[in-house]
Structures are given as C-alpha cells and as structure tokens.
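Both backbone and side-chain heavy atoms feed into the values below; hydrogens, waters and symmetry mates do not.
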Amino acid sequence: MTKRAQALETDERGRQRTLASSFSLDGHGLHTGEAVRATLLPADADTGYLFRRMDLEGQPTVAGDVDNVTGVEWETVISRDQVNVRTVEHLLAAAAAAGIDNLHVELEGPEPPALDGSAAGWSEAIRETGVRELDAEARVLSIEEPLSLVSGDSRYAVVPYPCYRVSADIEFENPAIGRQFASLEVTEPSFVGEVAGARTFGLESWREPLQARGLALGSSPDNTVVLTKDGLLEGTELRYPDEFVRHKIVDLIGDLALIGTRIRGHVLAERPGHRGNIDLARRLRTLVGTKKDPS
C-alpha cells in the first residue's frame, strides 16, 4: 500500500467535535437578497455538515459534501434532488477553523445570511456557544506526497506539513489590490485573529451584470468591499491592508471543508477561486474515498 493510499487516518490526538449547543443568526443572503435565519445545532459523530431547508415542504436536507457541489460561479452551491443551498463557504470556513466536524444547519431560506460579508460573525457565535468533543476519533487527510493542480487561471500545490496551513497569492490590476500574499496555520485563534473579518469584494461595475443573472442581489457596502476602477469606493475602509487575499483564504478553507475530513498538509494557492478550490477538493477527495451521504 502506498503512502498516498494510507493518507486517510484517524487522529490519535483528537476527537470529533460539534457545537456545545445551538444558536441562530439572522440577515439577508448575499446573492438572493432574501431575509433568512440560520440555526446551527450540534450533530452526532460522523454526520459531517448537514443543511436543512426549513422553508421548503418536507424540510429536505443537503449534505455539505464536495460530491454535492453544483455551482462555483461567484459562490459555492450544494444541491441534492434539485434542492439548493447557496453561499456555504463562509459558514463552513468558521466551522472548520474551530475544529467542528459535525454540524446541523437549519435554513429558513436558500442561503445563510451574509452578515458583514466575512466569516467573523460565524466565528464569534461559535466561540460564544462553545464546542464539545464526541466519542469518536477525528478523521484526517494527511498529505504524505506532494500534489499539484491547475484549474483555469488558478494553480495549487499541496505538500506534507505537520498541521493544516493555507497560503494564497493573488494579483489584480486594480490599484487597491495589486499583488498580495498571506499565509496562516488554520487554527481557531489564528483564523479569528488573522482572516475571519476579511470581507467579500467586487467592482462597482460588476453589480448590474451580476444582478441581471440573479447574483449579488443582497450585496451592499455593508457586506462587500466595493471597488471602482481607480481603487476603493469613497468612504470604504479596509480592515487589513491585504484584506482581499485574506478573504480568498477564507473562501479556500470553506470550500476545502467540503472534503469531509480535517487536513494535515500545506495548501498553496495562486489566484484561487471557487472553481479551482472545488477542483482541488475533488482531487483531495480521491485520497479519502467515498463518504456516505448522511442525508
């Protein structure tokens, strides 16, 4: 058996985790603009991330699993039996960074609330609620051999590393962005302190074309860093000098959470986007094997 075939293992150092209790957050969806409440609840071991559409007849469920990804344009969408859950990446990034392996998410709408366009609100609520261990060993995808992937303009490498680390490099012609690089070990403290507050961003000129396609209907300066061709929209202030690449790291962590295991390795991404992130997640998933859909 090769090292790569042995990559999926249990974590002798840790148990699976879930929320200590439940909490709810209200707001509007980033892309649908619809008012929505999300309630996050504890889940049993080996459940993974399970989304339930409380607003639909029969309250159907969709597992937060890379096999269920059906949309990667400007957001990550999961679907099952024509039931969609949109824009899952920020919530899942906060959950994964907190070491939560199992979670029920009840949605009274088609996507979680955008909050302020970052993962900070989710991380803060998880911290306040707390997490608890379950009586099951955590599963970890341990990278033993380097691998690489090219997806459009995005390039990725994943190499052995003693814990989970993510690094990203982006380059935009906009003068407010330019070229930016950031890197962090994915732990709850580093995630909260370094990237959770980084907001989604976009050019003001994108608004009408996106909204004509049913996207960004809930986007506003309250939840999006808005840029003009010359830089930041007047009155906009950044939370970090390199907020744009930090948000890309949030998206990447959230998308890779759909693999269904923890990761032990260093993920390096050049110009990452949802399409490339999910292509990488699918590649890594081949190292895990088939995961039973709990829905």
Side-chain angles (χ1 to χ4, degrees), residues 25-36 38 72-77 86-98 111-127 166-184 186 188-207 210-211 215-257 269 271-274 277:
L25 293 178
D26 299 289
H28 289 78
L30 180 67
H31 288 292
T32 64
E34 295 183 19
V36 64
V72 291
E73 190 174 16
W74 302 97
E75 59 178 331
T76 300
V77 182
R86 302 178 60 176
T87 326
V88 298
E89 57 271 18
H90 302 164
L91 185 162
L92 290 181
E111 64 178 327
L115 306 179
D116 68 353
S118 78
W122 302 110
S123 290
E124 180 181 351
I126 290 171
R127 268 192 165 183
V166 173
S167 301
D169 182 284
I170 64 171
E171 186 170 12
F172 287 79
E173 292 183 0
N174 192 281
I177 304 178
R179 186 164 189 177
Q180 298 183 354
F181 172 82
S183 180
L184 83 157
V186 185
E188 192 265 352
S190 64
F191 182 83
V192 170
E194 298 181 38
V195 301
R199 297 158 292 175
T200 191
F201 60 92
L203 282 168
E204 176 65 22
S205 60
W206 295 349
R207 183 183 301 276
L210 287 174
Q211 291 185 343
L215 295 166
L217 297 174
S219 175
S220 75
D222 293 331
N223 58 33
T224 303
V225 177
V226 182
L227 301 128
T228 70
K229 63 182 179 60
D230 299 316
L232 294 174
L233 184 70
E234 185 177 358
T236 300
E237 295 184 3
L238 296 178
R239 293 176 175 175
Y240 319 90
D242 55 354
E243 184 166 357
F244 307 97
V245 71
R246 295 184 193 224
H247 184 78
K248 288 290 189 178
I249 287 178
V250 171
D251 283 347
L252 179 54
I253 293 170
D255 287 339
L256 294 185
R271 296 182 177 178
H274 289 302
N277 296 348

Residue list, side chain to side chain donor-acceptor pair (under 3.5 Å) with [X], at least two apart or on another chain:
| X | result |
| --- | --- |
| Glu111 | Thr32, Thr87 |
| Glu194 | none |
| Thr224 | Ser219 |

So which heavy atom on [X] is nearest to which on [Y], and how close?
| X | Y | result |
| --- | --- | --- |
| Pro175 | Gly231 | CG-N, 4.0 Å |
| Leu25 | Ala125 | CD1-CB, 4.3 Å |
| Ala257 | Ala96 | CB-CB, 3.9 Å |
| Ser123 | Val192 | CB-CG2, 3.9 Å |
| Arg199 | Leu238 | NH2-CA, 3.8 Å |
| Val195 | Val250 | O-CG2, 3.3 Å |

Partners passing side chain to side chain contact (heavy atoms under 4.5 Å, CB included) against [X] (at least two apart in sequence or in another chain):
| X | answer |
| --- | --- |
| Ala198 | Tyr240, Glu243, Arg246, His247 |
| His28 | Ala35 |
| Glu171 | Arg179, Arg271 |
| Val77 | Thr70, Glu75, Ser79, Asn84, Arg86 |

Any side-chain heavy-atom pair of [X] and [Y] under 4.5 Å:
| X | Y | answer |
| --- | --- | --- |
| Leu227 | Phe244 | yes |
| Ile170 | Pro272 | yes |
| Asp255 | His274 | yes |

Any side-chain to backbone donor/acceptor pair from [X] onto [Y]? Under 3.5 Å, distance only.
| X | Y | result |
| --- | --- | --- |
| Asn277 | Leu256 | no |
| His90 | Thr200 | no |
| Asn223 | Ser220 | yes |

As an exercise, state the distance from [atom1] of [X] to [atom2] of [Y], rounded to the nearest 0.5 Å.
| X | Y | atom1 | atom2 | value |
| --- | --- | --- | --- | --- |
| Leu184 | Ile253 | CG | CD1 | 5.5 Å |
| Trp122 | Leu115 | CH2 | CG | 5.0 Å |
| Leu91 | Ile126 | CG | CD1 | 6.5 Å |

Checklist entry - What pairs of residues pass the side chain to side chain donor-acceptor pair (under 3.5 Å) test when at least one of them lies in residues 229-239, not counting sequence neighbours? => result Asp116-Arg239
Item to check | Residues which pass salt bridge (Lys or Arg N to Asp or Glu O under 4.0 Å) with Asp26, listed by chain and number, not counting sequence neighbours | outcome: Arg37
Next on the checklist: Checking Glu124 now: which residues fulfil salt bridge (Lys or Arg N to Asp or Glu O under 4.0 Å) with it, not counting sequence neighbours?
Outcome noted: none
Checklist entry - Who are the ring-ring contact (aromatic ring centres under 6.0 Å, His included) partners of Phe191, not counting sequence neighbours? => result none
Checklist entry - Residues in ring-ring contact (aromatic ring centres under 6.0 Å, His included) with Phe181, at least two apart? => result none
